[in-house]
There are 2 protein chains.
Amino acid sequence: MQSELDLKKIVHDHGYKATPQRLAILSVFSKNHRPFSAEEIYKKLKKTGTDLVTIYRTLTSFEKGGVLKRVDLRKDSVQFELAHGHHHHIVCTICGRVEDFDDCDLETVTKKIVSKSAHFKSIREHSLELFGVCRKCS
Amino acid sequence: MQSELDLKKIVHDHGYKATPQRLAILSVFSKNHRPFSAEEIYKKLKKTGTDLVTIYRTLTSFEKGGVLKRVDLRKDSVQFELAHGHHHHIVCTICGRVEDFDDCDLETVTKKIVSKSAHFKSIREHSLELFGVCRKCS
DNA sequence: TCATAGTTGCAAATGAGTTGCAATTAGATT
DNA sequence: AATCTAATTGCAACTCATTTGCAACTATGA
């Protein structure tokens, strides 16, 4: 659980002004360690009156600044989550449940790939998502 | 290079009627083994007069039927490619160049993940894309 | 050849995400 | 603490990928 001061520091450290809207948006992510779409955040922040446009703009600039990262979980809309801490997801293709995992062991694979590649000599990022059916749904 | 008959067979084998539009769409994929968006196919098939809506509908139903699969390469629109033959992509984050690779060695990782998972006991699919900068762009 | 379910094309709708702009405000400066 | 200014917000209007309704068409099986 992050205090409000921590969030303010994060925002400042990335060179943004710490507006109540941004702190509210960031608090959603820090309270729930899972991906959120703009619309989901909008609903969670209804009471604060934060505009959907502000949420879109904040998500985009936080992504550029490295605070958040974009995740593709084959949902209809784009999702974001806190950027710190490398991890991946297992998604239930029926109910949409999302579980995390950390060790993707991709260094070896990546090295092998790069050594064989004609055009790439290094990899900066990767995306890896697993899809299955969870116990409840199977 | 696939003959038209082959394409017709593929379409039939999946339970679809072999319309000229579907054969044309499929031929784009079989002639170029790389991902295409609906719009790209539309442009390639301008001369045939195939409607964009038909392309969207065909892509969607071919995906459901397992002829094509959806790929997320962080482009603005969704892309598809032939489903047969398991492989992944390396994408240049500057020019968008795409290169394939086959051996992802994910079985070991997947097994480990599943053995640790609280909610999942098996994985049906996975998505893995690598992102870097190609020689030309670096 | 005929019947018909599956398919197509057009037009209109949807919906996520973006943009222009005037009003507001966080935070630096005095 | 009052002031200044560039960053930020909210509203309305827009864009653009994708979807849907529907009447006309056609691939295929009988």
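The figures that follow rest on heavy atoms only: side chains count, while hydrogens, waters and symmetry mates do not. To find a chain, count down the sequence lines: A is the first, B the second, and so on, and within it residues start at 1.
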In whole angstrom, give the distance that lies between atom CD of A:Glu63 and atom P of C:dT18.
10 Å
B:Tyr16 OH to C:dT8 C1', straight-line distance once rounded to whole Å
16 Å
State whether A:Tyr56 places a side-chain N or O below 4.0 Å from either non-bridging phosphate oxygen (OP1 or OP2) of C:dG17.
yes
Give me the ring orientation class for A:Phe62 and A:Tyr16: parallel if the planes are under 30° apart, tilted from 30 to 60°, perpendicular past 60°.
tilted
Figure out the NE2/C1' separation between B:His12 and C:dT7, and round it to whole Å.
13 Å
Measure the distance from CG on B:Leu59 to C1' on C:dT7 and round it to the nearest whole Å.
15 Å
Figure out the CG/P separation between A:Asp51 and D:dA13, and round it to whole Å.
14 Å
Just how far, in rounded Å, is C1' of D:dT8 from CD1 of A:Ile55?
14 Å
Set out, in order, the CA-CA distance, both residues' side-chain angles and the distance that settles ring pair (Phe, Tyr, Trp, His ring centres under 6.0 Å) for A:His84 and A:His86, then state yes or no.
CA-CA 6 Å; A:His84 71 77; A:His86 180 85; over 10 Å; no
Ignoring hydrogens and angles, answer whether the base of D:dG10 and the side-chain atoms of A:Arg57 contain a donor-acceptor pair closer than 3.5 Å.
yes
Spell out yes or no: do the side chain of B:Arg22 and the base of C:dG6 have one donor N/O and one acceptor N/O closer than 3.5 Å?
no
Nearest-nucleotide wise, let me know which of B:Leu52 and A:Lys17 is further upstream toward the 5' end of DNA chain D.
A:Lys17
Would B:Asp72 and A:Arg70 pass as an ion pair if we require N to O under 4.0 Å?
no
Using a 4.0 Å heavy-atom cut-off across all strands, classify A:Ala18 as base, sugar-phosphate, or nothing.
sugar-phosphate
Hey, is the side chain of B:Gln21 poking within less than 4.0 Å of OP1 or OP2 on C:dG9, counting only N and O atoms?
yes
Protein-nucleotide distance (B:Ile25, atom CD1; C:dG9, atom P), rounded to Å:
9 Å
What is the separation between atom CZ on A:Phe62 and atom C1' on D:dT8, rounded to the nearest whole Å?
12 Å
Heavy-atom nearest nucleotide on DNA chain D taken for B:Glu39 and for B:Thr19; more 5' hit belongs to B:Glu39
How is the hydrophobic cluster of B:Phe131 composed, in terms of its other members, when Ile, Leu, Val, Met, Phe, Trp and Tyr link through side-chain heavy atoms under 4.5 Å apart, directly or indirectly?
B:Val71, B:Leu73, B:Val91, B:Val98
Can A:Arg74 and B:Glu125 be counted as an ion pair, charged N to O under 4.0 angstrom?
yes
B:Ser77, nearest nucleotide to its side chain (from D:dA6, C:dT18, D:dT18):
D:dT18
